[in-house]
A.B. asks: 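Quick one: this structure, given as structure tokens, is what I'll be asking you about.
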Amino acid sequence: MNEKCQKYLDEYLSLEKGERVPFKTALHILSCAECRHVIKSLTKAEKIATEPLNISSPLTSDSITKAVQSVNPKYKPKTNRIPFAQWIFTGLTFIACILIYVIFSKCIPSIINLNVSLCFAGVIVLYCTFFVINNMDVFIKKVGAKLDK
């Protein structure tokens with residue numbers, strides 16, 4: 001590659017992405033097959049370099065669990081999940097407690113009524129919060145499935 005080609009290539013490579021190529025440089029690149037080849041090669045290299053790497057990782061949660069179970073056969077992975085049946089039972093219990101309270105609240109002074117109602121509201125908020133946190137993966141999968149469509 002001669003000095004003239006090197007000068008034009010340096011000028012071309014010093015440009016920012018999306019910046020206009022000066023007329024003399026563009027004219028030289030269009031007329032010089034060697035410079036076009038170098039620029040095409042550099043463009044391919046840049047495209048390859050910016051693509052994400054597809055390196056498979058040998059470590060997954062299943063492989064780690066199997067490795068631990070091979071050392072300790074009694075090992076069972078802990079799950080912090082609470083079954084849906086238990087959530088439903090607890091929710092129904094809350095509703096039953098509220099209904100029982102409403103039935104017997106007629107003979108309770110209003111200030112106590114207010115405090116108990118606020119406690120019920122707090123418990124319901126905590127219940128809903130813990131339900132969402134405990135089942136976050138289910139909600140994310142549902143939202144992700146709707147976004148993919």
A.B. asks: Please assess K44 against K40 for the test side-chain contact (heavy atoms from CB on, under 4.5 Å), listing each intermediate value before the final yes or no.
C.D. replies: CA-CA 6 Å; K44 279 184 182 178; K40 283 181 184 177; 5.8 Å; no
A.B. asks: Begin with the C-alpha distance, continue with both residues' side-chain angles, and end with the deciding distance and a verdict on side-chain contact (heavy atoms from CB on, under 4.5 Å) for L42 and L9.
C.D. replies: CA-CA 11 Å; L42 288 172; L9 280 175; 5.7 Å; no
A.B. asks: Yes or no on side chain to side chain donor-acceptor pair (under 3.5 Å) for Q6 and N2, after CA distance, side-chain angles and deciding distance?
C.D. replies: CA-CA 6 Å; Q6 188 63 46; N2 61 32; over 6 Å; no
A.B. asks: Strictly distance-based, threshold 3.5 Å: is any side-chain N or O of T25 a donor or acceptor partner for the main-chain N or O of V21?
C.D. replies: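 Pair absent, no side-chain N/O of T25 close to backbone of V21.
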A.B. asks: Closest heavy-atom contact between C97 and F120?
C.D. replies: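 Heavy atoms only, the tightest pair is O-CZ, 3.9 Å.
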A.B. asks: Crowded around E3 CD? As in, over 12 foreign heavy atoms under 6.0 Å?
C.D. replies: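 At most 12 heavy atoms, drawn from other residues, nucleotides or ligands, come within 6.0 Å of this atom.
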A.B. asks: With sequence neighbours left out, which residue pairs that include part of residues 4-40 fulfil the ring pair (Phe, Tyr, Trp, His ring centres under 6.0 Å) condition?
C.D. replies: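 Output for this query lists Y8-H28.
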A.B. asks: Heavy atoms, side chains only, cut-off 4.5 Å: are F131 and T90 in contact?
C.D. replies: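 A side-chain contact under 4.5 Å is absent here.
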A.B. asks: Hey, could you give me the CD1/SG distance between I39 and C32, rounded to the nearest 0.5 Å?
C.D. replies: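 Output value for this atom pair is 9.0 Å.
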A.B. asks: Hey, could you give me the CD1/SG distance between I133 and C128, rounded to the nearest 0.5 Å?
C.D. replies: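 SG of C128 is found 11.5 Å from CD1 of I133.
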A.B. asks: Transitively linked via ILVMFWY side-chain contacts under 4.5 Å: F84 with F89?
C.D. replies: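 No.
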A.B. asks: Compare all side-chain heavy atoms of L30 with those of C35 and state whether any distance is below 4.5 angstrom.
C.D. replies: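 Not in contact.
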A.B. asks: After noting the C-alpha distance and the side-chain angles of E46 and K17, does the key distance pass the side-chain contact (heavy atoms from CB on, under 4.5 Å) rule?
C.D. replies: CA-CA 12 Å; E46 181 186 17; K17 231 180 183 46; 2.6 Å; yes
A.B. asks: Are V68 and V71 co-members of a hydrophobic cluster defined by side-chain heavy atoms under 4.5 Å apart?
C.D. replies: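 Looking at the clustering, V68 is in a separate group from V71.
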A.B. asks: Between CD1 of I98 and OG1 of T93, what distance do you get to the nearest 0.5 Å?
C.D. replies: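 These two atoms lie 11.0 Å from each other.
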A.B. asks: Under a single-linkage definition using a 4.5 Å side-chain heavy-atom cutoff for Ile, Leu, Val, Met, Phe, Trp and Tyr, are L27 and L13 assigned to the same hydrophobic cluster?
C.D. replies: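 Per the 4.5 Å side-chain linkage, L27 and L13 are not co-clustered.
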A.B. asks: Quick one: list whatever passes side-chain hydrogen bond (donor to acceptor under 3.5 Å, both in side chains) with N135, sequence neighbours left out.
C.D. replies: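 Result, side-chain hydrogen bond (donor to acceptor under 3.5 Å, both in side chains) vs N135: R81.
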A.B. asks: Please check if F104 and V116 belong to a single hydrophobic cluster, counting links between Ile, Leu, Val, Met, Phe, Trp and Tyr side chain heavy atoms closer than 4.5 Å.
C.D. replies: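 No, separate clusters.
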A.B. asks: Suppose we screen for ring pair (Phe, Tyr, Trp, His ring centres under 6.0 Å). Which residues come up paired with Y127, at least two apart in sequence or across chains?
C.D. replies: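 If we apply the ring pair (Phe, Tyr, Trp, His ring centres under 6.0 Å) test to Y127, skipping adjacent residues, the hits are W87, F94.
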A.B. asks: Could you state the interatomic distance from CD1 (I100) to CD1 (I95), rounded to the nearest 0.5 Å?
C.D. replies: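 Reported value, rounded in 0.5 Å steps: 12.0 Å.
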A.B. asks: Nearest 0.5 Å, please: how far is CG in D10 from CG in L15?
C.D. replies: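 One gets 11.0 Å once the value is rounded to the nearest 0.5 Å.
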